[in-house]
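The first residue in the sequence is number 1, and the count goes up from there. If you're wondering where the values come from, they're calculated on a predicted model, not measured in any experiment. These values consider heavy atoms only, across backbone and side chains, with no hydrogens, waters or symmetry-generated copies.
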Amino acid sequence: MKDNPLLKLESYGQSIWMDYIRRNSLDSGELKRFIEEDDISGVTSNPSIFEKAIAGSHDYDDAIRTLAQKGTGPEDIFQQLAIEDIQRAADLFRPMYERLEGKDGFVSIEVSPRLAYDTAGTISEARRLWAAVARPNIFIKVPATREGLPAIQQLISEGINVNITLLFGLPRYREVAEAYVSGLEALVARGKPVDRIASVASFFLSRIDVLLDPQLEKIQSAGGRIAGIAASLHGMTAIFSARVAYDIYRKFFSGERFQNLAKNGARTQRLLWASTSTKNPQYSDVKYAEALIAPETIDTMPVETILAYRDHGKPAPDTLLIDPDRSCKVRERLAEVGIDLDQVTQQLEDEGVQKFNTAFEQLLAAIREKREIALRQPVD
């Protein structure tokens, strides 16, 4: 049996998490096998993942029927199903979490996407989910909207682990890191421990190239001086952005402000690469996974990308550190061809919130339909 490339990534300092959760994976032992055989060290969920799991399968039909016959409404049904899945997954990762003293072994659950622009609502729902799941190795996912920033700081200051999601822009990333550190400082000021507080900043990457590549192709086809610049950015903007983000991460968390917290046992807010499946069929199906390897990072992959990387991934150390000078000029080079990267990432944030809201409404509609079918059936 050939060596498993996924296992090699740990020696390079990178964790692999699974961007997927489904009840059948828990019932069948599939997730347990991924943990044991591929060293998968975490799971993330979001409204789109749960929509596919619940609406796109019969895994939850019996549970929905039972809850429906008790008079439970669609949104409460979803909450109960999601919390149970998250608890079961967290319990599977708990031995790893304890063995690694809280460094890894996490499972994430997201606040309602309806609250993306509601600071107080986000804080309230995050507290409720944290208490309901009642596991130390979970993250509450909060979107990196402007309204999400004070929620992130407040939740960290209360000792709640936060996974910052829907993060696209580099200026916003700096604000996210600031919010995390401010939350830790509030804990230390009250004499509270910070050594088990965890947070990750989840950069959504492939969506950047999906949006920009068609624009860059048009610029290339027009020819002229800037065609070459456009060609050098095609299919690479997301990776260049990730390299800049990692440089920000290393400088920020090696600075005096965080190091004062590190003396109290504080952990850095690791960068997590999300949306790393390849959307363009012309690219390798492990393009992003292979380009984003660096210490103290996490790559969260869907099952298809995990299987592809297991089959033909070629891990190499520090691929994220290649060509830093070229990467740091990504914003300037995009500006030369008439593209404002900050405007692009804001558009992606707006679209990301809308996509999660759409998935959430579709999920509730599917549960509503399954619930109505259940109520027409005779009670056992």
Step-by-step side-chain contact (heavy atoms from CB on, under 4.5 Å) determination, Leu155 to Asn161: CA-CA 7 Å; Leu155 294 169; Asn161 299 331; over 6 Å; no
Identify whether the distance between the nearest side-chain nitrogen and carboxylate oxygen of Arg331 and Asp342 falls below 4.0 Å. yes
I'd like to know if the side chain of Thr319 reaches the main chain of Glu290, judged simply by a donor and an acceptor atom lying under 3.5 Å from each other, with no hydrogens or angles considered. yes
With a 4.0 Å cut-off on N to O distance, would you call Glu51 and Lys355 a salt bridge? no
Please evaluate residues Glu361 and Arg114 with respect to the criterion side-chain contact (heavy atoms from CB on, under 4.5 Å), reporting the C-alpha separation (whole Å), side-chain torsions for both, the decisive distance (0.1 Å), and the verdict. CA-CA 10 Å; Glu361 296 306 324; Arg114 294 170 175 169; 3.0 Å; yes
Kindly check if the number of other-residue, nucleotide or ligand heavy atoms within 6.0 Å of CD (Glu30) is above 12? yes
Ring-ring centroid check Phe93 Phe106, cutoff 6.0 Å: no
Set of residues satisfying salt bridge (Lys or Arg N to Asp or Glu O under 4.0 Å) with respect to Lys192, sequence neighbours excluded: none
Cut-off 3.5 Å, side chains only: do Thr358 and Gln354 have a donor facing an acceptor? yes
Glu336: partners by salt bridge (Lys or Arg N to Asp or Glu O under 4.0 Å), with sequence neighbours left out: Arg225
Polar contact flag, side-chain donor to acceptor under 3.5 angstrom, Asp285-Thr278: no
Compare every heavy atom of Arg190 with every heavy atom of Ser157, then report the nearest pair and how far apart it is. O-NH2, 2.6 Å
If you look only at pairs with a residue in residues 129-142, which of them pass as a side chain to side chain donor-acceptor pair (under 3.5 Å), with sequence neighbours excluded? Asp91-Arg135
Just how far is it from atom OG1 of Thr300 to atom CD1 of Ile40, taken to the nearest 0.5 Å? 9.0 Å
Taking the inter-plane angle between the rings of Phe139 and Trp17 on a 0 to 90° scale, is it parallel (under 30°), tilted (30 to 60°) or perpendicular (over 60°)? tilted
Do Asn264 and Asp195 have side-chain atoms, one donor and one acceptor, less than 3.5 Å apart? no
Mind checking what makes side-chain hydrogen bond (donor to acceptor under 3.5 Å, both in side chains) contact with Asn280, not counting sequence neighbours? none
Test your reading of the model: is there a side-chain donor-acceptor pair from Asn24 to the backbone of Asp59, 3.5 Å cut-off? no
Rounded to the nearest 0.5 Å, how far does OG of Ser15 lie from CG of Asp104? 3.5 Å
Heavy-atom pair with the smallest gap, counting every atom of Gln269 and Ser199: NE2-OG, 3.0 Å
Same apolar cluster (I L V M F W Y, side chains within < 4.5 Å links), Ile138/Val200: no
Would His234 and Glu217 count as having a side-chain donor-acceptor pair, cut-off 3.5 Å? yes
For Arg371, give me all partners under salt bridge (Lys or Arg N to Asp or Glu O under 4.0 Å), at least two apart in sequence or on another chain. none
Contacts of type side-chain contact (heavy atoms from CB on, under 4.5 Å), residue Asp62, not counting sequence neighbours: Arg65
Nearest-0.5 Å distance that lies between atom CD1 in Ile77 and atom OH in Tyr60: 13.5 Å
Regarding Arg310 and Thr305, do their side chains bring together a donor and an acceptor under 3.5 Å, going by distance alone? no
So, does Ser254 use its side chain to make a donor-acceptor pair with the main chain of Arg250 at under 3.5 Å? yes
I'd like to check the side-chain hydrogen bond (donor to acceptor under 3.5 Å, both in side chains) partners of Tyr309; sequence neighbours left out, ordered by chain and number. none
Quick one about Asn163 and Ser202 (side-chain donor to acceptor, distance below 3.5 Å, no hydrogens or angles considered), yes or no? yes
NZ/NE/NH1/NH2 to OD/OE distance under 4.0 Å, Glu178 and Arg174: no
Pair up each side-chain donor or acceptor in residues 203-211 with any protein partner under 3.5 Å, not counting sequence neighbours, and list the distances.
unit_1, atom_1, unit_2, atom_2, d
Ser206, OG, Ser275, O, 2.7
Ser206, OG, Ser275, OG, 2.8
Ser206, OG, Ser277, O, 3.4
Ser206, OG, Lys279, NZ, 2.7
Asp209, OD1, Thr237, N, 3.3
Asp209, OD1, Ala238, N, 3.1
Asp209, OD2, Tyr288, OH, 2.6

side-chain contact (heavy atoms from CB on, under 4.5 Å) between Arg172 and Thr345, worked out: CA-CA 9 Å; Arg172 182 58 52 81; Thr345 53; over 6 Å; no
Is it the case that the side chains of Thr297 and Gln14 hold a donor-acceptor pair, with the cut-off being a distance below 3.5 Å and no angle test? yes
I'd like to check the side-chain hydrogen bond (donor to acceptor under 3.5 Å, both in side chains) partners of Asp340; sequence neighbours left out, ordered by chain and number. none
Decide whether a cation-pi geometry holds between Arg267 and Phe258; the criteria are a distance under 6.0 Å from NZ or CZ to the six-membered ring centre and an angle within 45° of the ring axis. no
Is it possible for you to say whether Ile160 and Val181 belong to one hydrophobic cluster, with membership spreading through side-chain heavy-atom contacts below 4.5 Å? yes
Parallel, tilted or perpendicular, judged at 30° and 60°: which one describes the rings of Tyr246 and Tyr249? parallel
Neighbour count >12 (heavy atoms, 6.0 Å) for atom CD, Gln259: yes
May I ask you to check whether Ser232 and Arg333 show a side-chain donor-acceptor distance below 3.5 Å? yes
Would you compute the distance between atom CG of Leu31 and atom CD of Glu36 and round it to the nearest 0.5 angstrom? 10.0 Å
Taking side-chain contact (heavy atoms from CB on, under 4.5 Å) as the test, write out the residues that go with Arg128, two or more places apart. Gln79, Glu125
For Val244 against Cys328, the heavy-atom pair lying closest together: CG2-CA, 3.8 Å
Any salt bridge between Arg243 and Asp247, counting N to O under 4.0 Å? no
Under a plain distance cut-off of 3.5 Å, with no hydrogens placed, do Gln154 and Glu158 share a side-chain donor-acceptor pair? yes
Between CG of Leu375 and CD1 of Ile64, what distance do you get to the nearest 0.5 Å? 11.5 Å
If we only count heavy atoms from C-beta on, is the Arg146 to Glu349 side-chain gap below 4.5 Å? no
Under the salt bridge (Lys or Arg N to Asp or Glu O under 4.0 Å) rule, collect the residues that match up with Asp350, sequence neighbours excluded. none
Kindly state whether the ring of Tyr173 and the ring of Phe168 have centres lying under 6.0 angstrom apart. no
State whether a side-chain donor-acceptor pair under 3.5 Å links Gln80 with Glu84. no
With distance as the sole test, does Asp299 use its side chain to make a donor-acceptor pair with the main-chain N or O of Ile16 at under 3.5 Å? no
If the condition is side-chain hydrogen bond (donor to acceptor under 3.5 Å, both in side chains), which residues does Arg88 pass it with, not counting sequence neighbours? Asp27
Indicate yes or no: does Lys329 engage Glu332 in a salt bridge with an N to O separation below 4.0 Å. no
Atom CG of Leu92 and atom CG of Leu26: how far apart are they, to the nearest 0.5 Å? 6.5 Å
